[in-house]
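Just below is one structure, and these are the notes that go with it.
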Protein chains: 2
Amino acid sequence: MIRNPSWVLRSYPSGMPTVGNWMLEDRPIPEATKGELLAKTLWLSVDPYMRGRISQAKNYATGFGVGDLMSGGGVGEVIKSESPDFKPGDIVVSDYFGWQPFTTIPASSAKLVAATDAPVEASLSFLGMPGLTAYFALLKTGDPKEGETVLISAASGGVGQIAGQIARIKGLDPVAVAGTDAKLEWCKQLGYRECVNHRTSADLVADVAAACPNGVDLFIDNTAGPIHDAAMLNLNTFGRVVVVGTVALADRFDQPDIGLRHLRKTLIARARIEGFLLDDHESEFETAKADLLSWFKQGLFETREDVIEGIEAVPYAFVRMMNGENFGKQLVKL
Amino acid sequence: MIRNPSWVLRSYPSGMPTVGNWMLEDRPIPEATKGELLAKTLWLSVDPYMRGRISQAKNYATGFGVGDLMSGGGVGEVIKSESPDFKPGDIVVSDYFGWQPFTTIPASSAKLVAATDAPVEASLSFLGMPGLTAYFALLKTGDPKEGETVLISAASGGVGQIAGQIARIKGLDPVAVAGTDAKLEWCKQLGYRECVNHRTSADLVADVAAACPNGVDLFIDNTAGPIHDAAMLNLNTFGRVVVVGTVALADRFDQPDIGLRHLRKTLIARARIEGFLLDDHESEFETAKADLLSWFKQGLFETREDVIEGIEAVPYAFVRMMNGENFGKQLVKL
């Protein structure tokens, strides 16, 4: 009998998640019913937004209950199709891959992974959610003008690495914030002009000021926390902050976000602080993917994935990503 | 000899300003030089934004130094003109009236007060800075859709009273926050659907929720502080916050604004928080004034000024306005 070890939520994390918040169950291979696909999982993606789905706090997506099978972004091969739109052998990407080797997904959530020069797992990184998030957060919500300084936190992560390179391609002045010197060195290779290590900085406000001598015009905020304060205190008149993620709050997720409130600064700078959700840009996904793929083919892009192997490692991969221990987009290969 | 008692800044306030931060000096009647007007001051306006000008913190306007003559919005009659654009007898409004009975103002800052059905001091209230601020903050930066719930803090003040009535005229659902029952009663007369007294409320978040059963779509934030938190925690998806003023911070003006930071809420709601400065809308002032005057003539507007008389009372008027003790737009009549 083929095993299908599956991760279910054991308990809601209080503070930073640990691998003990999940447990592995031996489940049967599920049956695809009408409108579903049975798929063999090839890649799973773990992403900061999933922290919000293992919480009882209100979120933009419905969360998991204790005992529920976990699911998230994945790429797999269709084994059996109960939908006229897919056939066995198709490679598909969906946000609803169970954390299990064989899984059913709603056909309506699946997209065919087109054969391109990029590997299939790119649909979980620069051609998928992180790349599209970078694209729209930077170019649309961020509304950048040529030459503007763009500060990006979690700068080598799934979203940050693409945002920094799009900024370079578009003639902006990208500045990185990340947590290790190795990450920052790689950020420089990607084309970030300057880098700030938020873990070793003794004065983040001063270090951001030194790295951004013309001030910060646009801040792509993947983290919240003290980096947010340092960006706000260096924000130029008509500066913008795009709130993409709050990974720095992972260890106090269900508690209020404390720290400075920057309403005077917002007023004086006529700043705009705006929340970002990728789903709101769905009508323009194809245009964005075409741009991203074209830049990739022209060699304008470098990407880095941090790959861990085996279904057993999924919670571990999630937890290390939440702790910033990954280097590049965190993926799990089955 | 004609006396010209003039208010100068004696010291920067630490915390809430007191009348002791100014002193009255007997100064000569000034001479108008080229490009200036000598005017007899009829009305002076005291407004929350002036708190930022008696501080050494960075602001959008240059501040006053210790010993400087104070100035602000005023209406007066031209006595002598060193500009081809004005002649003696003209009634003008300017943001640069000295706090003195006879004052010089740059002709470039002056606007003729047109003869309308409104009294001349209306150019310091609903036809001036407060009215225009309400107009653009609500209708432009706030980007409201018909039927949306608009929460307005300092709801009976210079900006709030106009914002609430424009909201009613435009088919929105205005809800007031103010600090006395008398103010809230008047707010109901103006057309606010519901009112919250932030001074007597035991649970501001719950009281805002009760007053806004469909949530808050737009918050016109004249105050910052705990009212900001209550609005944020009730903000709907795609909600907007227009940061117009921070009067609740008056007693801790040069210190960081503490309290909850709402980045998770901003992200989940895809909210937009934006600073507002009236100067950025100057090209549309005439359109706005025409609208405001037309509503006034149609009897759609009620306005309330809180008038104190005499040059001696200017700092007192300013301080009581900062403490929320005024009822309606605070003016000083000379």
Side-chain angles (χ1 to χ4, degrees), chain A residues 48-49 51-52 55 57-61 137 141 205 221-229 231-233 235 237-250 252-281, chain B residues 48-49 51-52 55 57-61 137 141 219 221-229 231-233 235 237-250 252-281:
Chain A
Y49 81 86
R51 179 63 184 87
S55 159
K58 193 183 169 188
N59 201 348
Y60 39 72
T141 309
V205 178
D221 187 356
N222 290 310
T223 51
I227 301 170
H228 178 83
D229 289 332
M232 283 302 296
L233 293 169
L235 202 65
T237 302
F238 299 116
R240 287 134 276 142
V241 174
V242 185
V243 182
V244 176
T246 61
V247 72
L249 308 180
R252 37 177 295 113
F253 193 84
D254 299 320
Q255 295 163 262
D257 182 11
I258 55 172
L260 302 187
R261 210 160 33 179
H262 297 283
L263 290 172
R264 285 278 321 149
K265 177 72 189 189
T266 303
L267 173 58
I268 291 166
R270 288 90 92 192
R272 175 163 57 77
I273 303 162
E274 193 161 354
F276 178 88
L277 187 69
L278 183 58
D279 296 2
D280 300 329
H281 300 271
Chain B
Y49 81 86
R51 179 63 184 86
S55 160
K58 192 182 170 188
N59 202 346
Y60 40 71
T141 308
F219 174 42
D221 188 357
N222 290 310
T223 51
I227 302 170
H228 178 83
D229 290 331
M232 283 301 295
L233 293 170
L235 202 65
T237 302
F238 299 116
R240 289 132 276 141
V241 174
V242 185
V243 183
V244 176
T246 61
V247 72
L249 308 180
R252 35 177 297 112
F253 192 83
D254 300 319
Q255 295 163 262
D257 181 10
I258 55 172
L260 303 188
R261 210 160 34 179
H262 297 283
L263 291 173
R264 285 271 331 142
K265 176 73 190 188
T266 304
L267 173 57
I268 290 166
R270 289 89 93 192
R272 175 162 57 76
I273 303 160
E274 194 161 353
F276 178 89
L277 188 69
L278 183 59
D279 295 2
D280 300 329
H281 300 271

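So that the names make sense, note that chain A is the first sequence line, chain B the second, and so on, each numbered from 1. Bear in mind that the values here come from a model prediction, so they are computed numbers and not experimental data.
Between the CG atom in A:L267 and the OH atom in B:Y49 there is a gap of 13.0 Å [rounded to 0.5 Å]. In this structure, CZ in A:R264 is found 9.5 Å from CG in B:D257, a value given to the nearest 0.5 Å. Of the inter-residue distances, the one linking B:R272 atom CZ with A:F276 atom CZ reads 16.0 Å to the nearest 0.5 angstrom.
Shown here are the side chain to side chain contact (heavy atoms under 4.5 Å, CB included) partners of A:V247, two or more places apart in sequence or in another chain: A:P48, A:T223, A:M322.
Contact of B:A224 with chain A is made through backbone and side chain together, with heavy-atom distances under 4.5 Å. In this structure, chain B has no heavy atom under 4.5 Å from any part of A:D279.
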**Request:** Run the numbers on A:H228 and B:L263 for side chain to side chain contact (heavy atoms under 4.5 Å, CB included), then give the verdict.
**Result:** CA-CA 9 Å; A:H228 178 83; B:L263 291 173; 3.5 Å; yes

**Message:** Between B:R270 and A:D280, does the side chain to side chain contact (heavy atoms under 4.5 Å, CB included) criterion hold? Intermediate values first, please.
**Reply:** CA-CA 9 Å; B:R270 289 89 93 192; A:D280 300 329; 2.8 Å; yes

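The residue among A:R261, A:K265, A:H262 with the most heavy atom pairs within less than 4.5 Å of chain B is A:R261. Across A:I258, A:T246, A:V242, A:L249, the residue that shares the most heavy-atom pairs under 4.5 angstrom with chain B is A:T246.
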